[in-house]
Amino acid sequence: MKLDQISPVEKTYQNTRLNVQQWLPITLLMLLATVLYFYRINAEGLWLDELSSIEDSQLPAIQSGRNLLRPLYYILLTGWKQFGSSDAWLRSLSVVFAIASIFLIYRLGSRLLGKVEGVAAAAFLAFSPLFINHVQEVRMYVLSACLGIAGTWYLAKALMEEPTDKTGAPSHVSLAAWCIFRWLAILAVPLNVVLLLPDVVIYGLRFRQQRAALIRFAGWLILILVLWSPFVLSVFQAIAPDSTYASHHPGRNPPGLSNVVRTLKFWTVWPFSVQTNAIASSFYRFFTFLLAGLIGLALFQKHKSPQVLWAAAWFALPLLPILAFSYISIPIWVNRYLVFVSPYLFLLLAAGLSRLWRQWRIAAIVVSLAYLIAVSGGLVRYYTVQDRPDYKFIVETIEQYEQPEDVVVWSLFARKLVLSHYYQGSLEIYSNKSRGIKSEAEIGQWLDNFPDAPTRLWLVLKVKEQDYPNFEQQIKAQYNVEETFAYEQGSKVLLLTQR
């Protein structure tokens, strides 16, 4: 049948069918990801960084300009808290940006590589256990990744669109959107500034012979730096060798080659440091090299498209200054700090798997099955093992069994952060930290600092497993241990009465 013989109803039906076929895969993927992101989102309590986010989002902290280092997330969280304060609700802010990230990486992948590659990259991102961990977190890392992908999408649009005027330069609209999203991403996490490096390289090579296009880009680039300038001082203070960050991470070392390579495994399927099963450990070690092979397939081909090289640049070039800074100053090669780069790794993996499918279909099926097994193992590990501290469960125990005259001795860190968020009671709570205490004399002196409890005393304690018998022996010498509550992360709550 000729096109001009198709009735309007049939044309509408065919257009609808094409639209459904186009959007159905990514829509189903986003729905599945939403279910996965809300699954057990409240199963574990907040850890210290999440509690710090809540404290830093208080209006006095924002109004005083204390959070100029990365203010955007705290401003958004302040508004989000007006509608709820539960852990699940606070974490759901990241879910919103996670779903947007999946859609954006799909759009970026589709523009650069093709529709199938876009869906594959979106699936890799959606099911990454590391990404899911930060989705279920009151932190800014998923927001950072989302804004970063948005900025990259608009730059890719500027690189590939037809010129809108006689100069041959990309439109101001695309470059303005790139400028806005890059600036916002930097305000979310300052490390996003390193994305400007591949931006400049890619754009410069693409329009190297078009002076008007380069001048237009330079103007928007300068605007990003000008808009960020009020916040730069806070960044330099934060990354100084004598900064609070450096003092809190005295034992952190810059990554070696093996750690850099293992990052591929951490970002994709297994972000956990320990694998007790020898067979699983060998499998994931082999899988890491398999991932490297997929990247090689994407890059080393006779007629590769420049868009694949762009994806490689957005992945690799930002890592170089981060790696160099980790050796020159303080180590910042930390998985959660690098989440904003991981989407471009997934683009490369999608390109490599697509090439493998076209040339060696059986091998592509084997690799896909290996990926499915690897990511399933990571997801099972993430959802079944508690990785965050026991604070929430400790406070729930005390609130369930407390009596009006009880006293609490808190020997852990972050007493103020934890209790201001979780504790709703009115007991007197004393801080008496146990960290670094090992010898009998030190334990005895530590016990001497306990307050006088008229009836019962709740002791919140966490020490190394090998040190606990010494603590237990001296505690029992001075108190009756009425109840002991143990938690998955090694914390204990002891209900004590006077002898």
Nearest 0.5 angstrom please: [X] [atom1] to [Y] [atom2], how far?
{"X": "Trp228", "Y": "Asn192", "atom1": "CH2", "atom2": "CG", "result": "10.0 Å"}
{"X": "Tyr383", "Y": "Arg40", "atom1": "OH", "atom2": "CZ", "result": "9.5 Å"}
{"X": "Ser342", "Y": "Ile149", "atom1": "OG", "atom2": "CD1", "result": "7.5 Å"}
{"X": "Leu221", "Y": "Asp199", "atom1": "CG", "atom2": "CG", "result": "8.5 Å"}
{"X": "Leu155", "Y": "Ile202", "atom1": "CG", "atom2": "CD1", "result": "7.0 Å"}
{"X": "Leu317", "Y": "Leu195", "atom1": "CG", "atom2": "CG", "result": "10.0 Å"}

Taking all non-hydrogen atoms of both residues into account, name the closest pair between [X] and [Y] and its distance.
{"X": "Asn42", "Y": "Ala88", "result": "OD1-N, 3.7 Å"}
{"X": "Pro71", "Y": "Leu69", "result": "CD-C, 3.8 Å"}
{"X": "Leu184", "Y": "Leu72", "result": "O-CD2, 3.4 Å"}
{"X": "Leu125", "Y": "Pro343", "result": "CD1-CG, 4.5 Å"}
{"X": "Ala298", "Y": "Gly352", "result": "CB-N, 3.6 Å"}
{"X": "Ile41", "Y": "Gln136", "result": "CA-NE2, 3.7 Å"}

Have [X] and [Y] got a donor and an acceptor in their side chains that come within less than 3.5 Å?
{"X": "Glu117", "Y": "Ser110", "result": "no"}
{"X": "His134", "Y": "Arg336", "result": "no"}
{"X": "Glu44", "Y": "Tyr391", "result": "no"}
{"X": "Asp387", "Y": "Trp47", "result": "no"}
{"X": "Tyr141", "Y": "Ser94", "result": "no"}

If only atom types and distance count, is the side chain of [X] paired as donor or acceptor with the main-chain N or O of [Y] below 3.5 Å?
{"X": "Arg208", "Y": "Leu205", "answer": "yes"}
{"X": "Ser229", "Y": "Val226", "answer": "yes"}
{"X": "Asp390", "Y": "Gln489", "answer": "yes"}
{"X": "Ser101", "Y": "Phe97", "answer": "yes"}
{"X": "Trp183", "Y": "Leu227", "answer": "yes"}
{"X": "Ser326", "Y": "Ile332", "answer": "yes"}
{"X": "Tyr422", "Y": "Leu46", "answer": "yes"}
{"X": "Ser85", "Y": "Lys81", "answer": "no"}
{"X": "Glu161", "Y": "Pro170", "answer": "no"}
{"X": "Thr78", "Y": "Ser57", "answer": "yes"}

Classify the angle between the aromatic ring planes of Phe272 and Trp270 as parallel (below 30°), tilted (30 to 60°) or perpendicular (above 60°).
perpendicular
With under 30° as parallel and over 60° as perpendicular, where do the rings of Tyr284 and Phe287 fit, or are they tilted in between?
perpendicular
Steps toward side-chain contact (heavy atoms from CB on, under 4.5 Å) verdict (Tyr154, Leu108):
CA-CA 9 Å; Tyr154 276 106; Leu108 179 61; over 6 Å; no
Does Ile180 form a side-chain contact (heavy atoms from CB on, under 4.5 Å) with Trp220? I'd like the steps, not just the answer.
CA-CA 9 Å; Ile180 291 169; Trp220 288 107; over 6 Å; no
Got [X] and [Y] here, is their nearest side-chain heavy-atom distance under 4.5 Å?
{"X": "Thr268", "Y": "Phe346", "answer": "yes"}
{"X": "Phe393", "Y": "Glu396", "answer": "yes"}
{"X": "Thr152", "Y": "Arg182", "answer": "yes"}
{"X": "Glu50", "Y": "Arg91", "answer": "yes"}
{"X": "Val308", "Y": "Ser305", "answer": "yes"}
{"X": "Leu130", "Y": "Val269", "answer": "no"}
{"X": "Glu137", "Y": "Arg388", "answer": "yes"}
{"X": "Val232", "Y": "Gln237", "answer": "no"}

Examine Arg139 relative to Tyr73 and say whether NZ or CZ is less than 6.0 Å from the centre of the six-membered ring and inside a 45° cone about the ring axis.
no
How about Phe289: does its CZ atom have over 12 heavy atoms from other parts shown lying under 6.0 Å from it?
no
Give a yes or no on whether Ile279 atom CD1 has more than 12 heavy-atom contacts from other residues, nucleotides or ligands under 6.0 Å away.
no
In this structure, is the centre-to-centre distance between the rings of Trp80 and Tyr74 below 6.0 Å?
no
Which is it for Val260 and Leu323 under the side-chain contact (heavy atoms from CB on, under 4.5 Å) test, yes or no, and what are the steps along the way?
CA-CA 9 Å; Val260 173; Leu323 185 62; 4.2 Å; yes
Go through it in stages, so that I can follow the logic: the residues are Asn259 and Asn253, the test is side-chain contact (heavy atoms from CB on, under 4.5 Å), and I'd like the CA-CA distance, side-chain angles, deciding distance and then a yes or no.
CA-CA 11 Å; Asn259 289 331; Asn253 298 314; over 6 Å; no
For Phe217 and Trp178, what are the C-alpha separation, side-chain angles and deciding distance, and is it a ring-ring contact (aromatic ring centres under 6.0 Å, His included)?
CA-CA 10 Å; Phe217 178 79; Trp178 164 76; 4.8 Å; yes
